[in-house]
Amino acid sequence: MTALILTALGTALVNNVVLSQFLGLCPFLGVSKKTNTAAGMGAAVIFVIMISSTVTYGIYYKILVPLDLEYLQTIVFILVIAALVQLVEMILKKYIPPLYKALGVYLPLITTNCAVLGVAISNIDNGYNFATSLASAFGTAFGFLIAIVILAGIREKSEGNDIPKPFRGTPMTLIASGLMAIAFTGFTGLI
Amino acid sequence: MNSCLKQLYNGIIKENPTFVLILGMCPTLAVTSSLFNGAGMGLSTMVVLVMSNLVISLLRKIIPNGVRVPAFIVIVASFVTILQFLLQAYLPALNDALGIYIPLIVVNCIILGRAESFASKNPVLPSIFDGLGMGLGFTLALSILGAFREIIGAGTVLGINIPGWDGITIFVMAPGAFFVLAALVATQNYIRLSAGKKPRKTCADGCSGCSGCDTSINNDKVKEEK
């Protein structure tokens, strides 16, 4: 149990998915204008990453390994994730409309979020067992949620600031992310 | 032949994917900690881009419109898998340095963006040159960024020490990548503003500003939802 918590903490804070591995940058920069939409995006990412890690883990060890087809990993994973997101969207729309209303807008944007594919592949590369895979998937997604909500907070606060014209928008957001990345290096000694 | 050269010029200078369009930021930030890694990533992406443009252009009349994106993804993923095996066999050092970012070439916006906006609409030869131009432009940009971060951050060029300069370590670490890209986008904005143009929309202006991204297809869906 302690090992699982350490894995989750490590992937959430020490090797933060956005700030130290640069995965999922597009939604991180794109959907971080307001705190509540950022939180919605973060929640949707947790949801999709947990489901896709479970499914890709099962497919890899129950189908690809017994058939000696490990080399199809990349192709199978990306297709499974793309199909899965569509499926989740349809299921939510039909059966859990409130959750769909909250997450729906963000789901299509997640299909090509490299963090989702990244977690699936790195779980396999590291040879994690099922429980550790889930812990690392949750940690990664939670790390994304933390990072995007903090960035959205910073962007809301700095909205009215008098920033030199060329630095407005993307450059300032990137500098804020860089400063957050420096702060997150402080977690290095945690584990 | 002239139009092919135009495609090359377009990819390397006029619509450089990194410096002008600001696309494919994940690999741009992640692997430019040294010149070797940056150039390696650029060349790997170029190989996949040229091959996928070639095949998609050949199949452009066969692939039904409704399933074109999954079809493109399968084609791109196949070439990424082939590339991964070639690197493992012949360039293990580069393979170890780039690690997980090699399979992630599949979700690079530049590749699916070019498939969607160019290769699926144009004949084979221009598509190959488009892939070559975009790939070279990406390689050039990653090499420049990699060299810049290596010189400033580690005080080396391709691993050889520069005498009398120790480097500012933060620039080879993750935060440095954000700062370098911020400076790059700010420079581009400055040039555009001085020329009286508006700054180019990038990812941070909302996902709908992401022009070359495969999420542009998803963007339509998002707009419908709203």
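Letters A, B, ... mirror the listed sequences (proteins, then strands); counts begin at 1. Keep in mind that the numbers below use all heavy atoms, side chains included, and drop hydrogens, waters and symmetry copies.
Of all non-hydrogen atoms in Val18(A) and Phe178(B), the two that sit nearest each other are O-CZ, 4.0 Å. Between Cys114(A) and Val107(B), the shortest heavy-atom contact is CB-CG2, 3.5 Å. Of all non-hydrogen atoms in Pro171(A) and Ala182(B), the two that sit nearest each other are O-CB, 3.5 Å. Among all heavy-atom pairs drawn from Ile100(B) and Gly118(A), the shortest one is CD1-O, 3.2 Å. Between Thr74(A) and Pro103(B), the shortest heavy-atom distance links the atoms CG2-O, 3.9 Å.
In this structure, the side chains of Ile175(A) and Phe179(B) come closer than 4.5 Å at one or more pairs of heavy atoms. At least one side-chain heavy atom of Tyr101(B) sits under 4.5 Å from a side-chain heavy atom of Leu23(A).
For a residue to count as touching a neighbouring chain, one of its non-hydrogen atoms must lie under 4.5 Å from one of that chain's; by this rule Leu29(B) touches chain A with backbone and side chain alike. Residue Gln73(A) does not touch chain B at all, counting heavy-atom pairs closer than 4.5 Å.
More than 12 heavy atoms of other residues, nucleotides or ligands sit less than 6.0 Å from atom CG of Asn36(A). Taking a 6.0 Å sphere around OH of Tyr60(A), one finds it holds more than 12 heavy atoms contributed by other residues, nucleotides or ligands.
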Under 3.5 Å, side-chain donor or acceptor atoms of residues 180-191 of chain A against the rest of the protein: list the pairs with distances, not counting sequence neighbours.
from      : atom 1 : to        : atom 2 : distance (Å)
Thr185(A) : OG1    : Ile182(A) : O      : 2.4
Thr188(A) : OG1    : Thr185(A) : O      : 2.4

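Between chain B and the options Asp125(A), Leu19(A), Leu72(A), the largest number of non-hydrogen pairs under 4.5 Å is found for Leu19(A). Among Ala177(B), Ala174(B), Pro70(B), the residue with the largest count of heavy-atom pairs under 4.5 Å with chain A is Ala174(B).
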